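Below is one structure, written out as structure tokens; the observations come after it.
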Amino acid sequence: MDFGLTEEQRLIKDQIRDFAVNEIGPLVEEAEETEVTPLELFPKMGRLGYLGITYPAEYGGAEADKISECILIEELNKVCAGIAGALSTTHSGLGTRALNEFGTEDQKQRFLAPAIKGEKIGAFALTEADAGSDAISMRTRAIRDGDDYILNGTKMFISNGTFCDFVPVACYTTDPKKVEKRGKGISFLIAEKGMPGFTTNKLDKSGNRSQETAELIFENVRIPKENLLGKEGDGLAQILATLIPGRLAYGARATGLGQAAYDIVYKYAQDRVQFGKPIGKFQANMFKLVDIAMNVDIMRLMTYRTAWLYDQPGLKFAKEAYMVKIFTTETIQQIMLKALAVHGGYGYMKEYPIERMWRDAKMLNITEGTTEMAYLAAARELKI
Ligand SMILES: Cc1cc2nc3c(=O)[nH]c(=O)nc-3n(C[C@H](O)[C@H](O)[C@H](O)COP(=O)(O)OP(=O)(O)OC[C@H]3O[C@@H](n4cnc5c(N)ncnc54)[C@H](O)[C@@H]3O)c2cc1C
């Protein structure tokens, strides 16, 4: 068993770390304050080949392995979880994964290739106000009219929703009352910015403020049949194909945030003096630091092992992927509480980065399926 990174993975790690620190770092404060995502980062990342790291070379991707993608996500999250979410998890993950797997050649040329270059930005619209964990109870409907579909409905909490150029939208293309099984009859239609009847409302949220989130409203939006993703009625398979590999991204997100928290707390515990000595010399704080370091190590190992499994032809990874989502996104909550505790009152102040990271971490055990839903899915995989 080889636990070392390959030469290529090490190179990616160094390059991404430099990019994140030098290009993203200076933009974080303003983006978090104003809740405006710095869109200029998309073409910059695209030019360097970081937006399609695992995608096929024919569309501009780098065809790297899944561990490399985890490394990329981890390094971005060490600097800013919100911006990292906009660039990697949403754009290069949710927004394009199903296009790569199910899209027609025309769709790949129109959406995937420009997304990999950072010329078009993607999002993914599944959740509705009354259909979250129970996403397939969605009300969004599309009815065929000649060569078009007419789309009606409202999607909630859509990351990158305000500025995306395209967004696969989950909807029923068959009357849900007439399908033989729950979840049948769902399709994805790719809506594009500027289509008449497609509007957005920006939402105000607690963490990850540098990644914009929106409600998307579709009122009689005419979508050409060429924008149907894959086959009509294949939506459920596309949802699973998008969300299950996405669990790995959550492992990498939590690991990045956890590592950054450790680095910050380690330094703070050396610098802050109480009772005449650095607070890191008090065993209560030492133990918290050890706990954080140990859990970051476990999170990283679990994530990379599952990423390795993902890349092995014929091996299953779904059970491990759900467990990565549960363990890492719950563990990061405990890590952040410990990191805040070592900071005392300063951890609660906005000028200290740990305060933002604590708010950012909370999103991870909610989005792309809450912990409870991941437990149910893992239990199904384990046949419990
Ligand atoms: C910042 C942010 C960004 C997001 N980005 C996107 C996006 O880009 N695209 C998108 O489509 N969606 C997105 N979402 C939506 C996200 O995936 C949902 O919020 C999530 O799936 C939970 O749905 P809900 O909020 O409706 O909670 P609910 O489904 O109402 O759940 C409420 C609580 O009940 C629990 N619960 C529900 N059902 C069960 C059950 N059967 N057994 C046990 N417990 C249960 C849940 O675990 C949770 O604790 C985003 C959400 C946020 C907050």
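Atoms within each ligand, like the ligands themselves, are counted from 1 in listed order. Note that the structure is a prediction, hence the values are computed from the model and not measured.
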Inset, instruction - Considering heavy atoms of the protein only, find what lies nearest to atom 20 (C) of ligand 1 and give residue, atom and distance to 0.1 Å. - result: Ile366 O, 3.6 Å
Legend entry - Contact atoms of ligand 1, heavy-atom distance to Ile158 under 4.0 Å: 7 (C), 8 (O), 9 (N), 10 (C), 11 (O)
Inset, instruction - Identify, by atom number and element, the atoms of ligand 1 in contact range of Glu368, meaning under 4.0 Å from any of its heavy atoms. - result: 17 (O)
Inset, instruction - For a side-chain hydrogen bond (donor to acceptor under 3.5 Å, both in side chains) with Arg209, tell me which candidate from Asp204, Thr37, Thr34 qualifies. - result: Asp204
Inset, instruction - Give yes or no for whether the N/O distance cutoff of 3.5 Å, strictly under, is met between Ala131 and ligand 1. - result: no
Inset, instruction - Using non-hydrogen atoms of the residue, decide whether Thr367 is closer than 4.0 angstrom to ligand 1. - result: yes
Legend entry - CD (Glu30) with more than 12 external heavy atoms under 6.0 Å: no
Inset, instruction - Only one of Phe111, Phe102, Phe124 passes ring-ring contact (aromatic ring centres under 6.0 Å, His included) with Phe188; say which it is. - result: Phe124
Inset, instruction - Answer yes or no: is there a side-chain heavy-atom contact under 4.5 Å between Phe218 and Ile223? - result: no
Inset, instruction - Show your working on ring-ring contact (aromatic ring centres under 6.0 Å, His included) between Phe3 and Tyr304 and close with a plain yes or no. - result: CA-CA 9 Å; Phe3 286 103; Tyr304 287 9; over 10 Å; no
Inset, instruction - Decide whether an N or O pair under 3.5 Å exists between Phe157 and ligand 1. - result: yes
Legend entry - Heavy-atom nearest neighbour of atom 31 (O) of ligand 1 within options Gly207, Gly132, Ser133: Ser133
Inset, instruction - Check whether any protein heavy atom sits under 4.0 Å from atom 17 (O) of ligand 1. - result: yes
Inset, instruction - Decide yes or no for Cys171 and Leu151: does some side-chain heavy atom of the first lie under 4.5 Å from some side-chain heavy atom of the second? - result: yes
Inset, instruction - Answer yes if a protein heavy atom lies under 4.0 Å from atom 2 (C) of ligand 1, otherwise answer no. - result: yes
Inset, instruction - Please indicate, with yes or no, if any protein heavy atom is found under 4.0 Å from atom 52 (C) of ligand 1? - result: yes
Inset, instruction - Take every heavy atom of Asn208, measure it against each atom of ligand 1, and state whether any distance is under 4.0 Å. - result: no
Inset, instruction - Considering heavy atoms of the protein only, find what lies nearest to atom 9 (N) of ligand 1 and give residue, atom and distance to 0.1 Å. - result: Phe124 O, 2.9 Å
Inset, instruction - Report, as yes or no, whether the 6.0 Å neighbourhood of atom CD on Glu33 holds more than 12 heavy atoms from other residues, nucleotides or ligands. - result: no
Legend entry - Name of the residue among Val296, Thr329, Ile332, Thr328 meeting side-chain contact (heavy atoms from CB on, under 4.5 Å) with Leu257: Ile332
Legend entry - Met373: numbered ligand 1 atoms lying under 4.0 Å from its heavy atoms: 38 (N), 39 (C), 40 (C)
Inset, instruction - Among all protein heavy atoms, pick the one closest to atom 44 (N) of ligand 1 and tell me residue, atom and distance. - result: Glu372 CB, 3.6 Å
Inset, instruction - Please write down residue, atom name and distance for the protein heavy atom closest to atom 8 (O) of ligand 1. - result: Ser159 N, 3.0 Å
Inset, instruction - Evaluate the side-chain proximity of Leu76 to Ile16: yes if any heavy-atom separation is below 4.5 Å, no if none is. - result: yes
Legend entry - Location of contacts on Thr370 toward ligand 1, heavy atoms closer than 4.0 Å: side chain
Legend entry - Close-contact set for ligand 1 against Thr127 heavy atoms, below 4.0 Å: 10 (C), 11 (O), 12 (N), 13 (C), 14 (N), 15 (C), 16 (C), 17 (O)
Inset, instruction - State the atoms of ligand 1, each with its element, that fall below the 4.0 Å cut-off from a heavy-atom position in Met363. - result: 1 (C)
Legend entry - Per-residue contact class, Lys205 against ligand 1 - non-hydrogen pairs under 4.0 Å: side chain
Inset, instruction - Report, as yes or no, whether the 6.0 Å neighbourhood of atom CZ on Arg10 holds more than 12 heavy atoms from other residues, nucleotides or ligands. - result: yes
Legend entry - Student check: side-chain heavy atoms of Lys225 and Arg144 closer than 4.5 Å: yes
Legend entry - Polar proximity ligand 1 side, Ala125 side, N/O cut 3.5 Å exclusive: no
Legend entry - Identity and distance of the protein heavy atom lying nearest atom 41 (N) of ligand 1: Leu376 CD1, 3.9 Å
Inset, instruction - Assess the side chains of Thr154 and Glu215: does a donor N or O sit below 3.5 Å from an acceptor N or O? - result: no
Legend entry - Other cluster members, Tyr59 - Ile/Leu/Val/Met/Phe/Trp/Tyr, side-chain contacts below 4.5 Å: Tyr55, Leu112, Ile116
Legend entry - Contact (N/O only, under 3.5 Å) between Asp134 and ligand 1: no
